[in-house]
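Notes for the one structure printed next.
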Amino acid sequence: MKRRDFLKATLAASAAAVGTSASAGITTQPIDNRKVSNIAFPEKRPLITYSDRPPLLETPRASFTKAITPNDEFFVRWHMPEIPTYIDPETYMIKINGLVEHELNISLNELKTDFEQVEVTAVLQCGGNSRSAFKPVAGGIQWGSGAMGCAKWKGVRLRDILNRAGLKRDAKWIGFNGLDNAAYYETPIFVREMQIEELDDHVIVAYEMNGEDLPYLNGYPLRLVIPGHYSDSWVKMLSNITVTSDYQKLFFMDVAYRVPDNACECETPENRFKPTKPITTMNVKSVIGYPQNGTLVYHNSHVVVRGVAFDDGHGIKDVLVSTDDGKSWKAAILDKDTAGRYAFRAFRFSFKPQQYGKVRIMAKAINRLGREQPFAEDIKWNHGGYKYNGIDVVTIEVV
Ligand SMILES: Nc1nc2c(c(=O)[nH]1)N[C@H]1C(S)=C(S)[C@@H](COP(=O)(O)O)O[C@H]1N2
Ligand SMILES: [Mo]
C-alpha cells in the first residue's frame, strides 16, 4: 500500500470507529454574508460584532487580500466580560514566580530596555475560526473566516525571561495568567499552561503589534505570541507567569479548545469521542479575500483572485486555484516569503471568466510537508467546531 493510501485507509477506519463516514458531507462553507456593525470599539474600525461584552469582533473577508492585517481590522476574542478599563504603563508589572530561583517583577520599561528585543511575523488564529461551516452546528461563536489575522510582533523571548528567573530542577509546566476576570466566580479565570519542553525561541512576550503598542482589545500592554499555534494559548494582558512541576488542571486546557484524541480528530453528535486532546499547532489553510460571494464581474474581463495562505510554520509550498468546481487546478503566484514561515503568504491568480452566471472559485493551499486542505465535504466533525480548514470557495456572478 502506498503511504497515501495507507493514510486514507487509517483515516477511514478511525472515522468508521466513531460511526461517521469519511465521505459524509456534514460540512459546508463558513457563513460569509455578515455585515459589520456600527458599534464603536476603541482603536477598531467597524467589524462583524457577535457581542460587546465580552467584545467578540470578526475581521471581514475583504481584509485577506493583504499579508499583514492592520491593527484596527484585527479580530478580537475575550472569554471574560470583565476586562480592566485602565492600564498604567508606568506601573504595569509582569510577575514570574513558582519554581524559579528568583521571583521577578518586570516593568514594561525593563522589558523594552533590559532584554534582547526580537520580532516575528505570525498568524494569530482562533481554533474556532470558520466554525460556522460545521453542520450540525458545533458549539461556540459561529465565526466566518475572519477569526484570524497576521501581524508583526515585537517583544522579548519567553526563554530569556525564564532564564533570568532561573528554573528550578522540578520545573516542568508554565502557567500564563491574564488580567481579565470572570463576571461570575464559578467561571475560571483565563489561564493557559504549556510544557517547558514545548517552548522554542520563537515564543515571545510581545508589547508591539505592527510597529505600535498592542491595541487595548488585543491584549495591551503585553501578550504571549506562540507562532504556529492556535491563539487560545496567546494569553493577553499577561500579568503572571508561574512555573510548576505538575499540570494544574485549569479550565480552558481541560474543557475548551480540545478535539477527539483519535487519528481523524472526529466524532459524531450521537457518539462523542473520549479522550480528547488540546488543539495545538495549526493545519494548512487559505482564505480568498477577493472576489467575494456575490461579486459581479464582466464576462471575459481580467479577474485577479487574491488571498492568503498559512500553516503551522512548515511554510506554504503552493496555492492552487480552480474555477471549474475542482475539476482542474492551476498554481497561483505566491508573494515572496520575506516575512518568514509563520506569516500569511499572499497569493494572486488571474483569469478571464468564459461562462456567464454563477462561477465558483476555489483555493487550496499545500505546505512543504505536502499537507493540503481537504474539500469542505471531507472535513470531519468535532463538537467544539475546531480546526476547520476546508478548501475555500467563493461564488461570483459573471455578467
Ligand atoms: N487574557 C486572555 N487572553 C486570551 C483570551 C482571553 O479570553 N483572555 N482568549 C484567547 C483566545 S481563545 C483567542 S482566539 C485570542 C484572541 O486574540 P485577539 O483578541 O487579539 O484576536 O486570545 C487568546 N488570549
Ligand atoms: Mo479562541
Side-chain angles (χ1 to χ4, degrees), residues 41-44 47-60 63 69-84 87 92 94 122-132 138-153 155 175-183 187-194 203-210 212-227 229-242 250-259 278-280 282 384-388:
F41 291 90
E43 302 164 285
K44 296 287 168 186
L47 297 172
I48 299 161
T49 303
Y50 295 87
S51 152
D52 60 355
R53 195 179 153 86
L56 298 175
L57 313 176
E58 179 177 329
T59 306
S63 178
T69 314
N71 291 3
D72 65 350
E73 279 177 27
F74 216 99
F75 89 100
V76 171
R77 202 274 185 257
W78 289 88
H79 291 79
M80 308 303 159
E82 297 292 327
I83 309 169
I87 286 182
Y92 197 89
I94 174 170
V123 176
L124 185 168
Q125 181 188 211
C126 180
N129 190 25
S130 312
R131 178 180 288 125
S132 58
I141 304 157
Q142 295 301 302
W143 298 112
S145 297
M148 66 170 197
C150 179
K152 186 182 202 179
W153 311 93
F176 303 96
N177 204 343
L179 269 190
D180 41 336
N181 277 312
T187 323
I189 50 177
F190 194 84
V191 185
R192 282 307 275 184
E193 287 172 280
M194 168 175 183
V203 178
I204 66 174
V205 174
Y207 51 79
E208 239 181 63
M209 179 172 170
N210 294 328
E212 293 169 5
D213 286 347
L214 292 174
Y216 166 68
L217 292 174
N218 298 106
Y220 182 79
L222 287 177
R223 85 175 304 163
L224 204 58
V225 166
I226 310 184
H229 283 238
Y230 288 106
S231 54
D232 50 299
S233 49
W234 296 38
V235 177
K236 303 193 279 190
M237 281 188 191
L238 184 61
S239 54
N240 186 204
I241 299 177
T242 305
L250 298 159
F251 172 81
F252 278 96
M253 284 291 266
D254 277 356
V255 183
Y257 297 100
R258 298 179 73 96
V259 288
I279 57 168
T280 53
M282 298 191 288
Y386 295 118
K387 300 182 74 168
Y388 179 84

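As the structure lists them, so they are numbered: ligands from 1, and atoms in each ligand from 1.
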Using a 4.0 Å cutoff against the non-hydrogen atoms of D232, which atoms of ligand 1 qualify?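 Contacts of ligand 1 toward D232, numbered from 1: 10 (C), 11 (C), 12 (S).
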Where ligand 1 meets C126 - atom numbers and elements under 4.0 angstrom, heavy-atom basis: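 Counting atoms of ligand 1 from 1, those under 4.0 Å from C126 are 14 (S).
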Any residue meeting side chain to side chain donor-acceptor pair (under 3.5 Å) with Y220, in chain and number order, not counting sequence neighbours: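 For Y220, no residue satisfies side chain to side chain donor-acceptor pair (under 3.5 Å) once neighbours in sequence are set aside.
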L179 side, atom CG; Y92 side, atom OH - distance, nearest 0.5 Å: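 Between L179 CG and Y92 OH, I get 4.0 Å after rounding to 0.5 Å.
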Side chains of L124 and R223 in contact at under 4.5 Å (non-hydrogen atoms):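 Sidechains of R223 and L124: in contact.
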Between Y50 and E58, is any side-chain donor less than 3.5 angstrom from a side-chain acceptor?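 Note: Y50 and E58 side chains meet the donor-acceptor criterion.
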Say whether Y230 and ligand 1 are in contact under the criterion: heavy-atom distance to a ligand atom below 4.0 Å.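 For ligand 1, residue contact (heavy atoms, under 4.0 Å) with Y230 is absent.
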By salt bridge (charged side-chain N to carboxylate O under 4.0 Å, His left out), which residues pair with E73, not counting sequence neighbours?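 Scan of E73 (salt bridge (charged side-chain N to carboxylate O under 4.0 Å, His left out), adjacent residues dropped) gives R45, K66.
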Check each heavy atom of [X] against ligand 1 and say whether those closer than 4.0 Å belong to the side chain, the backbone, both or neither.
X	value
F75	both
D180	side chain
L217	backbone
R223	side chain

Is it the case that the side chain of S51 and the backbone of R53 share a donor-acceptor pair, with hydrogens and angles ignored and the cut-off at 3.5 Å?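 Side chain of S51 to backbone of R53, a donor-acceptor pair under 3.5 Å: yes, one is there.
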Look at the side chain of D180 and the backbone N and O of E82, then say whether any donor-acceptor pair between them is shorter than 3.5 Å.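 Side chain of D180 to backbone of E82: no pair is present.
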Polar contact flag for W78 and ligand 1 (N/O pairs, less than 3.5 Å):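 No; the residue has no nitrogen or oxygen that sits under 3.5 Å from a nitrogen or oxygen of the ligand.
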Quick check: W234 and ligand 1, any N/O pair under 3.5 Å apart?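 Right, the criterion is met.
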